[in-house]
Amino acid sequence: MDLRRDLKNLIPEIKEIVQKINVLSLSDQKALLEQIGGAKVKQEGRTDRSYAHLPPLEYAEVGNVVTRFPPEPNGYPHIGHAKAAIIDEEYARMYNGKLILRFDDTNPLNEKLEYYDAINEGLEWLGIKPDTVKNTSDDIQLLHDYGKKLILNDSAYVCTCKPETIHTLRAKGISCECRKDPNISLDRSKKMFSNSFAQNEAIIRFKGNMSSQNTALRDPTLFRIIEGDHPKLHKQIRVWPTYDFAAPIEDSLDGITHALRTKEYELRNALYFAILDRLNLRKPFLTEFSRLEFDGIPISKRKIKQLIENGIVKSWDDPRLPTLMAMKRRGFLPEAIRKFVLSLGMTLAETKPPIKTLESLNRKIIDPQCRRLFFVKDPVELQVLGAVSKEVVLRNHPNNIDLYVRKVQVSNSFYISREDALEFFNTGTEFRLIELFNVKIVEIKSDSQNQVFVAIQTGDEMKQSTPKIQWVAKEDAYPYKIIIARELYRGEEYNKDSLEIVDGVAESFVSSLNRGTMIQFVRFGFCRIDSNEVAILTHR
RNA sequence: GCUCCGAUGGUGUAGUUCGGUUAAGCAUUUCGCCCUCUCAAGGCGACGAUCCCGGGUUCAAAUCCCGGUCGGAGCACCA
């Protein structure tokens with residue numbers, strides 16, 4: 001009681017002292033901060049990543065880090081793969097280490113040769129160069145050997161129960177008869193590896209802990225029999241390891257120091273280590289990061305496959321898709337994707353990052369190198385009374401002079417967008433055809449089919465306040481389409497307007513641009529040339 | 001159902017390990033101004049977070065402890 005009262009009186013005094021200490025430690029810490037700050041700047045320079053950086057890796061030594069990116073070649077790579085691959089590569093580089101690309105091809109039913117290639121191409125596009133490329137299937141013999149070793153160890157057994165039985169027993173946490181006698185398992189395993197069992201007749205299971213609260217430890221499958229034509233091994237192999245078995249062994253043998261994987265594997269970490277323990281193999285360090293998801297854009301291969309099979313989406317490079325080939329086709333740059341991924345960090349929180357951020361990063365990169373060209377949506381004719389035919393020189397970029405200029409022949413007839421025409425007619429405002437002259441619409445002439453907007457010139461003077469619009473000379477007009485891709489889903493529902501095709505006219509020059517060229521259609525948005533008469537809107 | 005994980009402005013993150021330098025940095029979005037022959041980019045600025053909630057410990061908590069709530073994941077002869 002007394003103490004309390006005393007304390008109340010003492011508080012101001014204490015605070016004073018604390019403040020003094022703070023002031024003191026502040027100066028100390030300032031000195032420290034300078035040191036730390038200096039070191040940080042150096043680090044950033046070393047990794048050449050001033051824009052965003054991943055947090056330091058635990059237990060990592062410079063020159064001694066090996067990471068791995070282990071995709072299954074069962075589909076086209078997408079932004080989710082990009083996230084994993086970029087993180088793996090970034091850490092490898094940050095510590096002056098190595099990156100291994102390992103195709104996790106342990107299920108002949110899923111893998112296809114074209115997917116190995118697609119993944120290779122995707123990574124190449126992203127600018128990721130693995131130091132080593134290998135397949136899990138390269139080590140199939142080795143994996144078999146380790147499997148046999150586990151059987152001999154009494155750390156694994158052959159189970160011939162029906163899948164349903166296995167499932168229910170696992171749920172209950174009870175083991176089956178097959179687990180009991182190691183000698184039976186030994187016999188059965190010989191039969192299994194000499195191909196005397198049929199598919200679904202027998203599996204090899206890990207002797208985990210059937211009553212563990214972590215269900216991943218309840219005697220998971222290590223090997224199963226799959227009849228299938230494997231892209232690399234064809235029909236030579238029937239006994240295939242599962243991911244749960246292959247991953248830890250491959251990681252350990254490949255010298256991986258840090259295995260980074262998505263969050264849903266967290267509960268398997270215990271199994272991963274248990275397997276390595278029984279085999280006396282070196283244990284890599286494991287970390288998880290959250291899986292990438294977006295609003296309205298399906299990322300899982302299963303969902304994308306469905307969309308294609310149902311004909312909703314035409315191909316794997318449909319610009320609405322998050323596949324790497326689609327993103328490339330749409331006009332996203334690998335640098336932007338990298339920055340974006342790094343901005344997400346190594347968080348474990350499940351979030352849906354905004355695509356707008358990616359677009360903004362992309363825009364800033366492409367803006368300085370995109371020609372500014374004219375496209376007119378929903379064109380109407382504009383006749384300018386008294387305008388003379390001439391050749392005009394248009395700048396290709398407001399401030400990048402390396403992009404030069406282009407010349408266009410104009411007369412008194414132009415196309416402008418209906419929207420603009422109507423607005424300026426209705427409001428009676430003077431406007432300017434960019435780089436040409438100022439006009440005012442005075443009347444609309446309608447013949448049987450078309451409306452023609454008639455305008456008079458109101459001078460050449462360039463005023464900042466006059467609205468300026470893009471135009472296409474009638475003689476130079478070239479029919480053109482722009483594809484606009486939007487989210488495939490609004491909530492749970494398919495978005496019927498996810499793909500819009502905008503018709504219009506562009507300057508004929510556009511038709512000469514090569515596929516892949518990035519441009520900006522003035523007042524319309526950034527686009528990537530897709531063919532001679534089609535561009536895809538990247539973003540505004 | 002059982003187990004595990006997460007929760008910071010509209011959105012994405014930094015900071016949480018080792019409580020105090022900053023009641024919260026950056027990016028994006030939105031808006032305003034400047035610049036500009038684009039509704040782009042660039043420059044400047046504004047709005048916007050009692051750091052999920054409730055307790056506790058402490059002179060001091062986004063940070064530590066306890067209890068909730070909400071969200072996600074795993075429980076395959078897929079990876």
Side-chain angles (χ1 to χ4, degrees), chain A residues 7 10-15 17-19 21-23 25-30 33 51-52 55 58 70-72 74 104-107 109-110 159 163 166-167 170-171 173 199-205 212-218 220-226 240 242-244 246-247 261-270 288 290-291 293 295 301-302 339-340 343-345 347-361 363-364 366-368 370 372 374 394-395 397-400 432-436 462-464 466-470 520-526 540:
Chain A
L7 239 181
L10 282 173
I11 282 176
E13 217 174 307
I14 292 171
K15 279 194 174 167
I17 293 166
V18 167
Q19 269 189 340
I21 292 169
N22 272 344
V23 171
S25 62
L26 226 174
S27 58
D28 277 346
Q29 281 167 347
K30 264 188 182 173
L33 256 176
Y51 45 87
E58 284 183 87
E72 183 185 16
N74 68 342
D104 224 341
D105 52 353
T106 56
N107 189 338
L109 263 23
N110 296 152
C159 179
I166 295 175
H167 184 255
R170 204 167 358 224
Q199 194 165 302
N200 294 323
E201 265 187 355
I203 56 173
I204 295 180
R205 291 227 254 164
S212 170
Q213 292 209 307
N214 181 352
T215 43
L217 254 20
R218 321 248 259 230
T221 307
L222 265 22
F223 287 92
R224 74 285 207 214
I225 298 166
I226 300 176
W240 287 96
T242 58
Y243 167 85
D244 282 332
R261 44 187 193 176
T262 42
K263 215 188 151 198
E264 68 266 22
Y265 291 109
E266 255 181 320
L267 296 219
R268 313 187 103 73
N269 288 180
E288 294 80 33
S290 66
R291 214 185 159 102
E293 277 182 77
D295 249 333
K301 264 174 268 191
R302 208 192 77 248
K339 280 189 184 183
F340 178 68
S343 82
L344 305 177
T347 168
L348 254 4
E350 63 279 339
T351 48
K352 297 181 175 178
I355 293 278
K356 293 242 181 195
T357 303
L358 210 208
E359 294 181 352
S360 167
L361 293 168
R363 192 181 297 120
K364 282 168 192 166
I366 63 178
D367 181 89
C370 282
R372 309 298 147 121
F374 294 161
L394 302 176
R395 286 177 296 164
H397 194 280
N399 32 42
N400 180 356
R432 183 174 174 84
L433 300 180
I434 292 177
E435 305 263 16
L436 277 180
M462 214 324 266
K463 275 176 291 188
Q464 210 51 252
T466 353
K468 296 159 202 77
I469 66 164
Q470 79 280 24
Q520 187 205 47
F521 280 125
V522 171
R523 300 208 306 140
F524 190 88
F526 292 92
R540 296 220 48 167

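Labels below follow one simple rule: chain letters A, B, ... track the order of the sequence lines, proteins then strands, and each chain is numbered from 1. All values below come from the heavy atoms of this structure, side chains included, with hydrogens, waters and symmetry mates left out. These numbers were taken from a predicted model, which means no experiment stands behind them.
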Which protein N or O atoms sit under 3.5 Å from an N or O of nucleotides 10-17 of chain B?
from, atom 1, to, atom 2, distance (Å)
rG12(B), O3', T351(A), OG1, 3.2
rU13(B), OP1, T351(A), OG1, 2.5

(request) Tell which nucleotide pairs with rG67(B), taking only Watson-Crick or G-U wobble pairs whose two distances are both under 3.5 angstrom. (result) rC53(B)

(request) State which of rC5(B), rG74(B), rC78(B) makes the closest approach to the side chain of K263(A). (result) rC5(B)

(request) Scan N74(A) against the nucleic acid and name what it touches under 4.0 Å (heavy atoms): base, sugar-phosphate only, or nothing. (result) nothing

(request) Quickly work out the K468(A) NZ to rC37(B) P distance and round it to whole Å. (result) 8 Å

(request) Scan nucleotides 41-51 of chain B nucleotide by nucleotide, 5' to 3', and note B when protein non-hydrogen atoms come under 4.0 Å of the base, S if they reach only the sugar-phosphate, - if neither. (result) SS---------

(request) Taking only the side-chain nitrogens and oxygens of Q199(A), find out if one of them lies under 4.0 Å from OP1 or OP2 of rC77(B). (result) no

(request) Identify, with sequence neighbours excluded, every residue that meets side-chain hydrogen bond (donor to acceptor under 3.5 Å, both in side chains) alongside R291(A). (result) E264(A)

(message) Using every non-hydrogen atom in the two residues, find where L344(A) and P353(A) come nearest and quote the distance to one decimal.
(response) CD2-CB, 3.6 Å

(request) Could you work out the separation of rG10(B) and rC47(B) based on their C1' atoms and round it to a whole Å? (result) 11 Å

(request) Using a 4.0 Å heavy-atom cut-off across all strands, classify E435(A) as base, sugar-phosphate, or nothing. (result) base

(request) Give T466(A) one of three labels, base, sugar-phosphate or nothing, depending on what nucleic acid heavy atoms sit under 4.0 Å from its own. (result) nothing

(request) Would you indicate what R170(A) reaches in the nucleic acid, counting non-hydrogen atoms under 4.0 angstrom: base, sugar-phosphate, or nothing? (result) sugar-phosphate

(message) Please enumerate all residues that pass side chain to side chain contact (heavy atoms under 4.5 Å, CB included) together with K468(A), with sequence neighbours excluded.
(response) R432(A), I434(A), M462(A), Q464(A)

(message) Counting the atoms with a prime plus P, OP1 and OP2 as sugar-phosphate, which does Q520(A) contact under 4.0 Å by heavy atoms, base, sugar-phosphate, or nothing?
(response) base

(request) Tell me what N214(A) touches on the nucleic acid: a base, only sugar-phosphate, or nothing, going by heavy atoms under 4.0 Å. (result) nothing

(request) Write down the atom of D367(A), the atom of R372(A), and the distance for their closest heavy-atom approach. (result) O-NH2, 2.6 Å

(request) Just call it for S212(A): base, sugar-phosphate, or nothing, with non-hydrogen atoms closer than 4.0 Å on any strand. (result) nothing

(message) Strictly by Watson-Crick or wobble contacts shorter than 3.5 Å, is anything paired with rC4(B), and which nucleotide is it?
(response) rG72(B)

(request) With sequence neighbours excluded, tell me which residues meet side-chain hydrogen bond (donor to acceptor under 3.5 Å, both in side chains) with E201(A). (result) none

(request) First locate atom CD1 of I355(A), then atom CG of D295(A), and finally report the distance between them rounded to the nearest 0.5 Å. (result) 9.0 Å

(request) Whole angstrom is fine here: how far is it from CD in E293(A) over to P in rG71(B)? (result) 15 Å

(message) Whether the side chain of Y265(A) and the base of rA79(B) hold a donor-acceptor pair under 3.5 Å is what I'd like checked.
(response) yes

(message) Checking R395(A) now: which residues fulfil salt bridge (charged side-chain N to carboxylate O under 4.0 Å, His left out) with it, not counting sequence neighbours?
(response) E435(A)

(request) Name the nucleic acid region contacted by Q470(A), choosing base, sugar-phosphate or nothing; use a 4.0 angstrom heavy-atom cut-off, strictly under. (result) nothing

(request) Write down the partner of rU22(B) under the Watson-Crick or G-U wobble criteria, each distance required to be under 3.5 Å. (result) none

(request) Please determine, for rG48(B), whether a Watson-Crick or G-U wobble partner exists with both distances under 3.5 Å, and give it or none. (result) none

(request) State which of rC37(B), rU3(B), rC77(B) makes the closest approach to the side chain of Q213(A). (result) rU3(B)

(message) Is the phosphate of rU38(B) approached by R540(A) (side-chain N or O, under 4.0 Å from OP1 or OP2)?
(response) no

(message) Could you check whether any side-chain N or O of S290(A) sits under 3.5 Å from a backbone N or O of E350(A), counting only pairs where one atom can act as donor and the other as acceptor?
(response) no

(request) Please determine if a side-chain N or O atom of R224(A) lies less than 4.0 Å away from the OP1 or OP2 oxygen of rA79(B). (result) yes

(request) Quick one: look up who rA61(B) pairs with, Watson-Crick or G-U, both distances under 3.5 Å, and put none if it's unpaired. (result) none

(message) Going by side-chain hydrogen bond (donor to acceptor under 3.5 Å, both in side chains), name the residues that satisfy it together with R170(A), two or more places apart in sequence or in a different chain.
(response) none

(request) Could you tell me which residues satisfy ring pair (Phe, Tyr, Trp, His ring centres under 6.0 Å) with F340(A), sequence neighbours excluded, listed by chain and number? (result) none

(request) Would you mind telling me which residue lines up with the more 5' stretch of RNA chain B, T215(A) or P70(A), judged by nearest nucleotide? (result) T215(A)

(request) Name all residues meeting the side-chain hydrogen bond (donor to acceptor under 3.5 Å, both in side chains) criterion together with E359(A); count only those two or more places apart in sequence or in a different chain, and write none if there are none. (result) none

